[in-house]
Undergrad: 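This is the structure I have questions about; it appears just below.
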Amino acid sequence: IGAAKLVVVVAIFLLTFYVISQVFEIKMDTNLGHIFARSALDAAARSTKPPRYKCGISKACPEKHFAFKMASGAANVVGPKICVEDNVLMSGVKNNVGRGINVALVNGKTGEPLDTKFFDMWGGDVAPFIGFLKSIQDGTIVLMGTYDDGATKLNEEARKLISELGSTSITNLGFRDNWVFCGGKGIKTKSPFEQHIKNNKDTNKYEGWPEVVEMEGCIPQKQD
């Protein structure tokens, strides 16, 4: 009787072990299947996800060009934003923008940022802005964006200096117009990078201000 009980116990043990091992292997196979399926889905998602370009622009820039994207301010609430080569130079988040004309300077050969400043063209003085414009070195990329009002204190001298950077809209930039511009010191032609929306009470998106203007593009690297 004892021997028979032992055989039964051993048989039950072996059967239990077999069942457990089978279940375990099935579960392992199922888990591996999930892992492989998830990997395949992740790979598919990566392949269909659109690529991201510098500064979030819509397409990649060619060699020896710098990617940029910028936007004017929104009314007197949201400040302008200037990004070059995936480097946000000025924005409300960085807390380095202000009412008037916001300016970022970039090295035309390397794409490295040189300086950022804003000049109050409503309650400020145009003289420091003129001095700043005169101090810009040849070969420097100059990016400008308005916030709130960028025109009231502008005089003929300031407008002329900005036009020499390649701007065509600066001559008729008016009270609370929205404007973004990218040019350069020593530029030989008019810049193709400029957007301007007039302040017009019949078409303004915000009460007293036009809609935000945005612009992106590829700035040619300065060659020796």
Undergrad: Can you tell me how far CG of L143 sits from OG of S191, rounded to the nearest 0.5 angstrom?
TA: 9.0 Å
Undergrad: Has T146 got a side-chain atom pairing as donor or acceptor with D149's backbone, closer than 3.5 angstrom?
TA: no
Undergrad: For residues D115 and F132, determine if any side-chain heavy atom of one lies less than 4.5 Å from a side-chain heavy atom of the other.
TA: yes
Undergrad: What about L165 and L161, same hydrophobic cluster or not, with Ile/Leu/Val/Met/Phe/Trp/Tyr joined at side-chain heavy-atom distances under 4.5 Å?
TA: yes
Undergrad: Going by heavy atoms in the side chains, are I136 and L105 under 4.5 Å from each other?
TA: yes
Undergrad: Do M121 and M144 sit in the same hydrophobic cluster, where Ile, Leu, Val, Met, Phe, Trp and Tyr count as joined when their side-chain heavy atoms come under 4.5 Å apart?
TA: yes
Undergrad: Kindly check if the number of other-residue, nucleotide or ligand heavy atoms within 6.0 Å of NZ (K190) is above 12?
TA: yes
Undergrad: Do I130 and F181 share a hydrophobic cluster, counting only Ile, Leu, Val, Met, Phe, Trp and Tyr and linking them when any side-chain heavy atoms are less than 4.5 Å apart?
TA: yes
Undergrad: Please lay out, stage by stage, how I101 and L154 fare under the test side-chain contact (heavy atoms from CB on, under 4.5 Å).
TA: CA-CA 10 Å; I101 295 181; L154 278 182; 4.1 Å; yes
Undergrad: Has N95 got a side-chain atom pairing as donor or acceptor with G92's backbone, closer than 3.5 angstrom?
TA: no
Undergrad: Hey, is the main chain of Q221 close enough, under 3.5 Å, to the side chain of Q223 for a donor-acceptor pair?
TA: yes
Undergrad: For G145 versus V180, what's the shortest heavy-atom pair and its separation?
TA: CA-CG1, 4.3 Å
Undergrad: Does the E194 side chain pair with the main chain of T168, one donor and one acceptor, at a distance under 3.5 Å?
TA: yes
Undergrad: Please find the pair of heavy atoms, one from W179 and one from S169, that lie closest to each other, and give the distance.
TA: NE1-CB, 3.9 Å
Undergrad: Backbone N or O of W209 within a donor-acceptor pair of the R176 side chain at under 3.5 Å?
TA: no
Undergrad: The test is side-chain contact (heavy atoms from CB on, under 4.5 Å); show your working for E157 and K134 and say whether it passes.
TA: CA-CA 11 Å; E157 184 179 8; K134 287 180 175 179; 2.9 Å; yes
Undergrad: Between Y147 and W122, is there shared hydrophobic-cluster membership here, with clusters defined by ILVMFWY side-chain heavy atoms closer than 4.5 Å?
TA: no
Undergrad: Within the side chain of Q195, is there an N or O that forms a donor-acceptor pair under 3.5 Å with the backbone of F193?
TA: no
Undergrad: Can a donor-acceptor pair be found, under 3.5 Å and without considering hydrogens, that links the side chain of K109 to the backbone of K222?
TA: no
Undergrad: How far does CG of D125 sit from CG of D120, to the nearest 0.5 angstrom?
TA: 10.0 Å
Undergrad: Would you say I57 and V84 are hydrophobically clustered, going by side-chain heavy atoms of ILVMFWY under 4.5 Å?
TA: no
Undergrad: For the residue pair N96 and N102, what are the closest heavy atoms and their distance?
TA: O-OD1, 4.4 Å
Undergrad: Nearest 0.5 angstrom please: N87 CG to C55 SG, how far?
TA: 8.0 Å
Undergrad: Strictly distance-based, threshold 3.5 Å: is any side-chain N or O of K188 a donor or acceptor partner for the main-chain N or O of G186?
TA: yes
Undergrad: Do N107 and I141 touch side chain to side chain, with heavy atoms closer than 4.5 Å?
TA: no
Undergrad: Using a strict threshold of under 4.0 Å (side-chain N to carboxylate O), is an ion pair present between K160 and E164?
TA: yes
Undergrad: For residues 60-78, which side-chain donor-acceptor pairs fall under 3.5 Å, sequence neighbours excluded?
TA:
residue : atom : partner : partner atom : Å
H65     : ND1  : E63     : O            : 2.9
S72     : OG   : V213    : N            : 3.1

Undergrad: So, D177 side chain and L173 main chain: donor-acceptor pair closer than 3.5 Å or not?
TA: no
Undergrad: Of all the heavy-atom pairs spanning K198 and N172, show the shortest one and how long it is.
TA: NZ-O, 2.9 Å
Undergrad: At what distance, to the nearest 0.5 angstrom, does OG1 of T189 lie from CD1 of I187?
TA: 4.5 Å
Undergrad: Taking atom types as modelled and ignoring hydrogens, do the side chains of N178 and H196 form a donor-acceptor contact shorter than 3.5 angstrom?
TA: no
Undergrad: I want to check something: taking the side chain as every heavy atom from C-beta on, are T116 and V103 in contact at a cut-off of under 4.5 Å?
TA: no
Undergrad: Looking only at heavy atoms, which two atoms of N199 and G208 are closest? And how far apart?
TA: OD1-O, 3.6 Å
Undergrad: For the side chain of K54 and the backbone of D86, is there at least one donor-acceptor N/O pair under 3.5 Å apart?
TA: no
Undergrad: If you look at every heavy atom in C182 and M215, which pair is closest and at what distance?
TA: N-CE, 4.0 Å
